[in-house]
Structures are given as structure tokens and as C-alpha cells.
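Start at 1 and go down the list; that is how both ligands and their atoms are numbered. Atom set for the values below is all heavy atoms of this structure, side chains included, hydrogens, waters and symmetry mates excluded.
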Amino acid sequence: MFGHLPRARLATLPTPLERGPELPGGVRLWMKRDDLTGLGMGGNKARKLEFLCGAAIAQGARSLVTVGAAQSNHCRMTAAAGAVLGLEVHLVLSGDEPHAATGNQLLSRLFGAQLHFTGAEESHWGELEIARESLTDELTEAGAAPYAIPIGGSTATGAAGYAHALAELLDQCDAVGVQPAAIVHTTSSGGTHAGLVAGRAILAARGRAVPEIVAVGVAKGVNMGMPDVADLAADTVELLGGDRSLVDRADVHLDPNWIGDDYAVPTRAGDAAIHWAARHGGWVLDRVYSGKGFAGLVGNAESGRWPAGSNVVFIHTGGMPSLFAPGGAPPER
Ligand SMILES: Cc1ncc(COP(=O)(O)O)c(C=O)c1O
């Protein structure tokens, strides 16, 4: 669809597109099940890792180094990718080593990754990236040939996975005769968002009808301050062989109203969204990412952003393992 970047096949694709119930405000919900990408219990990072690991292997890397919050899904999925591809994996994490690993950490260890605890605060992303850079230098000196992946895998190479995902999703919408008004998803490091914006720009230039992309932010320091999504989208278009001027800043929609106090601090709206999704579709959302993202979709639907009767797709980006970490489960109702 978009050129021939090196790609490691890691995800089970296409992921299902499920028809959901009507939302408050009369909008028809569709759920794109990227929580079912397969790799290491699934989630959005499988799509990015296909291209990141493709690049790593093409460069002759023998190890992967990446970074994230203590319960990072991205780190857990990188650990799984390394296991599949026979690459050693090092994960630089916030916080201190717990007495017993839970949730994503438990899985990362199970997949054979080495966990490096920095003691850093949960969302001190800059400090974590510095630790990732110095570990990468040490591994290079030790001859481990590392391929370094920044937080969330949000480079143009990683984002290419979501340009492809948009094409996959629009084909599925065509197959069921639905033209979505919007595609909504959770954003933190911005790579998923940038990839979707890039795919949208390329497909629109080819004459395809494209919906608006609405990204619901869950991390202040990352999605507000990191490389600008429009720039990353333009880099991604260029990497995929297109003209970077195809990306229009006006097409980047970031809704910052659902973060609450901070990254990984639960919100009432997020918890309510988790319960709603569980009871209406058997979908499992989490308190850090997809619960807040889905709360944003419901909130926008309630306030009439899309006309009654229109179709809106939520890309379920995963996050289920953190439900089984301390504080990960919403209060029962
Ligand atoms: C479950 C889940 N949803 C959404 C995101 C956000 O994706 P991105 O970092 O590409 O913005 C993440 C990132 O870690 C995630 O783990």
C-alpha cells in the first residue's frame, strides 16, 4: 500500500472491526480491535514494532533497547518481539524494582527481557530517555549491537505501522458499507496519531474519502511537549515516499480534556468508560490509556461533536495487562 520498508511480521492482521451499540448522542460505535494484534497479548505497539524491528534487523542489530513507564505496554510488546525474533531486549523503566513483578512487568520478564529500573518518577520522560541513551552506549561498547527505540516507538518508522492500519481500517469500513465520520484513539507519545494522520494525508491525496482523526491525550509531558505530531506525520509521509507538504496542521486534532490530574492517575470518566465498554461489548479497557481515550469518545459524542446516526470508530489500542497491576482495576460497581 505504501512502499516497501523492511518489515518483520509480528502482528496478526487484519484485526477485527466490530459493530458496537449506539452511544449517548445517537452515534453508532465501531470497535477496531487493535488490542487483538496478537503479539505478547496484543496492543497498538505490534504495528509499530513490525517496522521498527524490520529496520533493526536490516541494520544488523542483535538487541533492542527501549524505555517506558513502570507498566509500559510498549516495553512488554518489545520484549515479546525480541522473543519472536531472537533479539536480546533491554527495558529502561521508571520506578524501583518491585518485590514481585505484576501486569506488564511480569510478562516482560516472561518474554525474557532484562528490566533496568531507574527510580525515576512515573512520567519523567526526559530522564528516562537519557537513561535509555546511556544504556544504549554501554551495550554498543559491549558489542551487543543495539537498536534503540525511543518512548512508545514513536519515530517515523514506527508510525508507518499506523499509516498502514488506516488503510486496513478504511478497507474494512468499505466492506461493511460504512463511511465513518471520525476515528478516535488514545494518544500519549504520538506515534499512533502521527501514523494515522500520515496515512490519511496520503490516501486523501489519492482521492479517497477520509474521516477526521481525533486523538485523546492521556499524558501531559509526552503528547503536549514531544516532537510535534504534524512534524512526525510529515516525516512519516516522506518515509513512505510521499510529499511532506501533504500533511496539514489543521488535520491534527488532539483532545486534552480527559487526562485528569496526570498520566496513569485514574479518572471517574475513565473508570465509567471501562465499565460501559465491559458491559456493552465485553471489551477490556484500562485505566491508563484506553479507558481515558474511550471516555473522550463518549464525551465528544454526548456533546454533539458528530451528528446522530453517524458512525465513529474507536481504535482499541490495548493495555489490558495493567488491569492486573496494583491499582489497575477500577472500583467495582
Ligand atoms: C494501550 C495503549 N494505548 C495507547 C497508547 C498510545 O500510543 P502512542 O504512544 O503511539 O501515542 C499506548 C502507548 O503506550 C498504549 O500502551
Q. Which word best sums up how the rings of Phe51 and His164 line up, parallel for under 30°, tilted for 30 to 60°, or perpendicular for over 60°?
A. parallel
(Q) Check contact between His185 and ligand 1, using heavy atoms of the residue and a distance below 4.0 angstrom. (A) no
**Q.** Salt bridge present between Arg132 and Glu127 (N-O < 4.0 angstrom)
**A.** no
(Q) For a quick check under 3.5 Å, do Lys45 and Thr37 share a side-chain donor-acceptor pair by atom type? (A) no
(Q) Going by side-chain contact (heavy atoms from CB on, under 4.5 Å), name the residues that satisfy it together with Gln179, two or more places apart in sequence or in a different chain. (A) Ala209
Q | For atom 9 (O) of ligand 1, the protein heavy atom that lies nearest, with its residue and separation | A | Ser189 OG, 2.5 Å
Q: Using a strict 4.0 Å cut-off to heavy atoms of Gly318, name the atoms of ligand 1 that fall inside it.
A: 1 (C)
**Q.** Residue-ligand contact Gly190/ligand 1, heavy atom below 4.0 Å
**A.** yes
Q) With respect to atom 6 (C) of ligand 1, which of Ser188, Gly42, Ala215, Ala69 exhibits the smallest heavy-atom separation? A) Ser188
Q: Measure the distance from atom 4 (C) of ligand 1 to every protein heavy atom, then report the residue, atom name and distance (to 0.1 Å) of the closest one.
A: Thr317 OG1, 3.2 Å
Which atom pairs, one a donor and one an acceptor, fall under 3.5 Å between side chains of residues 310-324 and the rest of the protein, sequence neighbours left out?
{"residue": "Ser310", "atom": "OG", "partner": "Pro307", "partner atom": "O", "Å": "2.5"}
{"residue": "Asn311", "atom": "OD1", "partner": "Trp30", "partner atom": "NE1", "Å": "2.8"}
{"residue": "His316", "atom": "ND1", "partner": "Gly318", "partner atom": "N", "Å": "3.1"}
{"residue": "His316", "atom": "NE2", "partner": "Val284", "partner atom": "O", "Å": "2.8"}
{"residue": "Ser322", "atom": "OG", "partner": "Gly319", "partner atom": "O", "Å": "3.2"}

**Q.** Protein contact to atom 12 (C) of ligand 1 [nearest heavy atom, distance to 0.1 Å]
**A.** Lys45 NZ, 3.0 Å
